[in-house]
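Below is one structure; the comments refer to it alone.
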Number of protein chains: 2
Amino acid sequence: MDDPASCETTDDYDVRQWDTREGCEVRQILDRVADKWSLLVIALLDCQSLRFSELRREIDGVSQRMLSVTLRHLERDGLVSRTVHPVVPPRVDYALTPLGRTLHETIKALVTWTEDHQREIAEARAAYDRGREMMDA
Amino acid sequence: MDDPASCETTDDYDVRQWDTREGCEVRQILDRVADKWSLLVIALLDCQSLRFSELRREIDGVSQRMLSVTLRHLERDGLVSRTVHPVVPPRVDYALTPLGRTLHETIKALVTWTEDHQREIAEARAAYDRGREMMDA
DNA sequence: CCGAATCCACGACGATACTG
DNA sequence: CAGTATCGTCGTGGATTCGG
C-alpha cells in the first residue's frame with residue numbers, strides 16, 4: 001500500500017484508456033458491475049442457483065423488467081448461466097459461471113473496502129458539510 | 001478462489017444490505033466510483049497532484065461542469081484534497097488523500113480482472129449474439 | 001411462471017454563458 | 001484560471017400490459 005514503487009510509471013495499465021471511446025472494455029465491465037442490480041444478483045447466485053421468482057423475492061424493490069434485463073446482460077457477458085427446464089409451469093434456473101465467480105471474488109474486495117472505511121467517509125462528509133454551512137453564514 | 005469454504009454462510013457481509021435503502025453505504029460508494037469520471041480522476045491523481053486545468057486537459061471529453069462536480073463529490077467523501085493557492089491567477093491543486101489511495105489500490109484489482117478476462121467476455125458475447133441470430137431465422 | 005414490449009418520469013450529463 | 005448558474009437533451013429504470 002505504502003510502497004513508493006507503486007507510484008512509478010511501471011503501472012501496467014494506461015489510465016487514459018479507461019475512457020469509453022475506442023476499444024476500452026474496462027468501462028463496459030464497470031458499467032455492468034455498477035448498474036443498479038447486477039451486483040446483488042451476482043452476490044445472491046454465489047454458491048447457489050436460483051429461479052427467476054426466487055431472485056425477484058430476494059431482491060427487494062427490483063421490477064420484473066429490470067431483473068430480466070439484468071440477467072440477460074449477465075448471461076450475455078458469460079457471467080451467469082441460464083437453464084430452462086421444460087416443465088409446466090416453466091422453470092428457469094440461474095447460476096454463476098466460473099467467470100462470474102472470479103468476478104464476485106474481486107468485487108468482494110471493494111465491498112470490504114467500503115465497509116472498512118464507511119465511517120471515515122461519513123466523517124469526511126460531515127466535516128465538508130459543516131464547512132459549507134459556515135460559508136452561508 | 002476455489003475454496004469451498006467461501007460458499008458457507010460464514011460470509012461476513014449481508015448481501016441484502018447492498019440495497020440503496022436504509023443505511024447502506026456500499027451502494028453510495030459504488031455509485032461514486034462507477035460514475036463517469038471519478039475513476040479517471042482518482043487514477044490520474046495517484047502519486048501526483050494536478051491543477052483543475054491539467055485534469056481537464058488529461059481527461060478527454062470531460063466538461064468543465066462535470067469535472068467540477070466530480071471533484072466536489074470526491075472531496076466531500078474525503079478521497080481527494082483541494083488546495084487553493086492565494087495567487088493571481090488562481091491556482092488550485094487536487095491530490096489523492098490517503099483514503100483515496102487505498103481506494104485506488106482496491107479498484108486496481110477490478111481493472112486488472114477486467115483486463116485479464118475481457119477476451120472471455122468478448123467471446124461469450126459473440127456466442128450469445130450468434131444464438132440470438134439463430135432464433136430470428 | 002417467465003419474460004418481452006410499451007410508455008413515461010426523472011436524474012445525469014453536456015453546452016453555454018457568466019463571475020471572482 | 002477556476003469555477004457557478006441555467007437550460008435542454010438523453011438514457012436508465014419503473015409501471016403496466018400482453019404473450020408463450
Taking all non-hydrogen atoms of both residues into account, name the closest pair between B/L67 and B/V41 and its distance. CD1-CG2, 4.1 Å
Closest to side chain of A/Q64, choosing from D/dG3, C/dA4, C/dC1: C/dA4
The side chain of B/V92 lies closest to which of these nucleotides: C/dC1, D/dG3, C/dA4? D/dG3
For [N] and [X] - does any side-chain N or O of the residue sit under 4.0 Å from the phosphate oxygens OP1/OP2?
X: B/R91; N: D/dA2; result: no
X: B/W37; N: C/dG14; result: yes
X: A/S68; N: C/dC2; result: no
X: A/R82; N: C/dG3; result: yes

Using a strict threshold of under 4.0 Å (side-chain N to carboxylate O), is an ion pair present between B/R82 and B/D93? no
Tell me whether B/R101 is salt-bridged to B/D46, with the criterion being a basic N under 4.0 Å from an acidic carboxylate O. no
Rounded distance (Å) that lies between atom [atom2] of [N] and atom [atom1] of [X]:
X: B/D35; N: D/dG11; atom1: CG; atom2: P; answer: 18 Å
X: A/R72; N: C/dC2; atom1: CZ; atom2: P; answer: 12 Å
X: B/H73; N: D/dG3; atom1: NE2; atom2: C1'; answer: 15 Å
X: A/D31; N: C/dA12; atom1: CG; atom2: C1'; answer: 13 Å
X: A/L71; N: C/dG3; atom1: CG; atom2: P; answer: 7 Å
X: A/M66; N: C/dA9; atom1: CE; atom2: P; answer: 18 Å
X: A/R56; N: C/dC1; atom1: CZ; atom2: C1'; answer: 11 Å
X: A/L67; N: D/dT16; atom1: CG; atom2: P; answer: 18 Å

Between the base of C/dG3 and the side chain of A/R65, is there any donor-acceptor pair under 3.5 Å? no
Any sub-3.5 Å donor-acceptor pair from B/T97's side-chain atoms to B/G78's backbone N or O? yes
Could you walk me through whether A/L71 and A/L55 pass the side-chain contact (heavy atoms from CB on, under 4.5 Å) check? CA-CA 10 Å; A/L71 287 167; A/L55 282 168; 4.0 Å; yes
Of B/P89 and A/S63, the one whose nearest nucleotide on DNA chain D sits closer to the 5' end is B/P89
